[in-house]
Amino acid sequence: MPRPFPPSWYHLTAGDRPERQTLSGKAEADICVIGGGLAGLSAALHLAEAGTRVVLLEADRLGYGASGRNGGQIHSGQRRDILWLEKHYGFARAKALWQVGEEAKALVRSLAARFGCKITNGLIDVFHRPADEKENAHFVETLRERYDYPDIEVLSREAAAEAVGSPSYYGGCRDRGAGHLDPYAFLLGLAGATEAAGASLFEDSPALSYRKENGRFCVQTPSGEVTAERLIVTTNGRSGPFEAVTRGRTVGVNSFMVATEPLGDLENTVLPGGECASDSYFVICYWRKSADGRLLFGGGESSAGRIPSDIGSFVRPHFLRVYPQLKDIKIAHGWGGVVSITPARMPFIREIAPGVMAAAGFSGQGVALAPYVGKLLAEEALGRVPQELALYTDLKVGRVPGITALRRAMVSLAIWHGQLVDRF
Ligand SMILES: Cc1cc2nc3c(=O)[nH]c(=O)nc-3n(C[C@H](O)[C@H](O)[C@H](O)COP(=O)(O)OP(=O)(O)OC[C@H]3O[C@@H](n4cnc5c(N)ncnc54)[C@H](O)[C@@H]3O)c2cc1C
């Protein structure tokens with residue numbers, strides 16, 4: 001099956017990467033992890049380091065899902081902000097989930113340091129409607145005063161314009177505790193460490209089905225079979241025929257990104273402080289600069305199956321709206337990926353069958369949360385039952401329709417509605 005998206009700019013510039021073999025014949029493990037993104041690799045790493053025999057199956061190449069295609073932004077907290085979480089789950093739960101976000105960032109930082117992967121600090125979040133000023137101030141004050149988070153500050157309209165390098169927004173905030181990295185370099189570091197810890201990683205080995213036999217799971221791939229005591233499913237709701245539970249709680253939205261040519265003399269006109277940025281549009285834009293001075297910009301969405309033939313031209317109007325001074329800058333590469341979201345915009349993390357744990361639907365928040373949840377799933381499989389996992393497993397996450405055409409229509413409608421709202 002052809003890959004639906006072009007490789008990401010990170011894939012193209014990563015240099016030589018070891019190809020992992022395809023599973024052929026039988027393999028035995030204590031735990032079989034299905035899905036080689038940030039969540040699955042982190043689960044496998046933490047299991048292998050605890051002395052567990054782990055086999056990880058990846059349908060494509062490691063990091064060819066969202067984990068190797070994203071904006072690289074390490075966000076604080078959850079996809080739903082603390083004000084929404086407080087309203088729906090109360091202060092104590094919201095604060096505990098905020099703390100989970102802090103631990104997730106700390107884990108990424110410690111792993112990145114171990115793999116020699118650079119993190120640049122700071123995220124500028126900007127809003128595009130003057131009416132959002134009050135809520136922005138309330139959000140920042142709440143975090144500082146009630147969530148003991150001093151790393152965030154309000155940016156006035158002028159300060160936001162200076163920080164972003166664009167007068168397009170009405171204000172925002174600077175989160176010094178957030179940051180950005182090259183997500184694929186990070187993932188390759190994770191994969192290398194996981195293998196060094198003794199896990200077996202297989203590429204081009206989609207898990208097709210599983211059954212229970214003599215008390216053990218048998219996971220079938222096109223040319224092999226893994227037997228294991230437990231399964232961890234980290235396919236981000238995109239398991240194919242393997243299982244339908246996570247697919248039933250998530251929908252995929254295509255998000256597109258470009259890498260420009262190096263900005264040269266214009267580099268300091270864009271995010272002069274080196275932070276990353278994101279805005280408040282429904283069809284959100286997110287961006288940062290690469291180490292070699294390119295703009296890496298995400299903007300524009302579509303429903304599954306609808307991939308523009310020229311991704312560069314699709315994304316270009318979004319970054320020219322923010323940075324008209326870049327009108328003569330060429331786009332070096334365009335790509336996309338699927339952001340898996342749940343109706344609740346909180347991840348779906350559950351035991352989907354006895355002995356089978358799954359995590360999916362991290363929205364645009366998985367760079368920090370997916371590795372952390374992978375670690376929690378590893379701890380759970382080792383019998384430690386971390387309290388933090390319970391903060392997710394009983395969150396209300398509704399179902400989405402199972403019929404593909406209906407799902408696509410739903411996403412298209414949501415994007416269309418969002419684009420309409422964004423105009424006003
Ligand atoms: C364009 C884009 C920009 C984004 N920007 C950001 C950002 O800036 N910050 C942020 O925090 N998040 C961002 N995200 C979201 C983030 O990338 C994801 O939340 C995160 O990578 C999810 O990790 P994962 O391991 O759960 O899933 P994935 O990375 O999707 O991994 C799942 C893996 O499972 C494999 N798989 C599927 N089915 C099977 C099967 N049957 N057998 C074996 N393997 C299977 C897939 O091939 C895939 O490799 C972005 C996403 C996209 C697409």
Side-chain angles (χ1 to χ4, degrees), residues 3 5 8-10 23 32-44 56-79 101 104-105 108 123 178-181 183-184 186-187 190 201-210 219-222 226 231-243 246-247 250 252-258 276-278 284-288 296-301 311 315 334-341 347-349 358-374 377:
R3 289 183 180 125
F5 295 104
S8 72
W9 182 74
Y10 315 114
L23 178 69
C32 178
V33 177
I34 294 114
L38 289 172
L41 282 166
S42 170
L56 181 145
L57 298 174
E58 166 53 46
D60 195 324
R61 295 199 66 184
L62 299 171
Y64 269 59
S67 295
R69 302 175 164 276
N70 60 57
Q73 304 200 348
I74 304 164
H75 296 281
S76 303
Q78 307 287 329
R79 173 67 183 82
K105 288 190 301 186
V108 171
L123 163 73
H180 60 99
L181 48 49
Y184 188 55
F186 177 67
L187 181 134
L190 197 52
L201 311 181
F202 293 99
E203 294 186 323
D204 287 314
S205 302
L208 300 175
S209 63
Y210 70 94
V219 180
Q220 208 66 47
T221 71
V226 183
L231 306 182
I232 293 179
V233 181
T234 48
T235 54
N236 211 6
R238 315 196 58 74
S239 308
F242 180 69
E243 58 83 33
T246 63
R247 178 181 150 83
T250 53
V253 178
N254 295 334
S255 178
F256 298 98
M257 288 194 70
V258 292
C276 56
S278 67
I284 190 176
C285 291
Y286 48 95
W287 63 99
R288 65 193 184 94
L296 304 179
F297 193 98
E301 293 176 350
I311 293 175
V315 177
W335 73 97
V338 178
V339 183
S340 183
I341 63 176
F348 175 71
I349 302 170
F362 290 99
S363 292
Q365 201 86 8
V367 171
L369 290 181
Y372 184 71
V373 168
L377 293 178

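Both ligands and their constituent atoms are indexed starting at 1 by order of listing.
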Quick check: does [X] get an N/O under 3.5 Å from an N/O on ligand 1?
X: Ala39; value: yes
X: Tyr64; value: no
X: Ser205; value: no
X: Gly336; value: no

Using a 4.0 Å heavy-atom cut-off, which part of [X] comes near ligand 1: side chain, backbone, both, or neither?
X: Pro241; answer: neither
X: Phe256; answer: neither
X: Ala66; answer: both
X: Gln365; answer: backbone

- Closest to atom 37 (C) of ligand 1 by heavy-atom distance, out of His75, Arg247, Arg238, Glu243, is Arg238
- Query: Should one rank Gly37, Ala59, Ala207 by closest heavy-atom distance to atom 31 (O) of ligand 1, which comes out on top?
  - Reply: Gly37
Within-shell test, [X] vs ligand 1, heavy atom, strictly < 4.0 Å:
X: Gly298; value: no
X: Ala359; value: no
X: Gly240; value: no

- Atoms in ligand 1 with a heavy atom of Thr234 nearer than 4.0 Å: 32 (C), 33 (C), 34 (O)
- Query: By number and element, which atoms of ligand 1 are closer than 4.0 Å to a non-hydrogen atom of Val338?
  - Reply: 53 (C)
- Item | Mutual orientation of the aromatic rings belonging to Phe297 and Trp287 [parallel < 30°, tilted 30-60°, perpendicular > 60°] | parallel
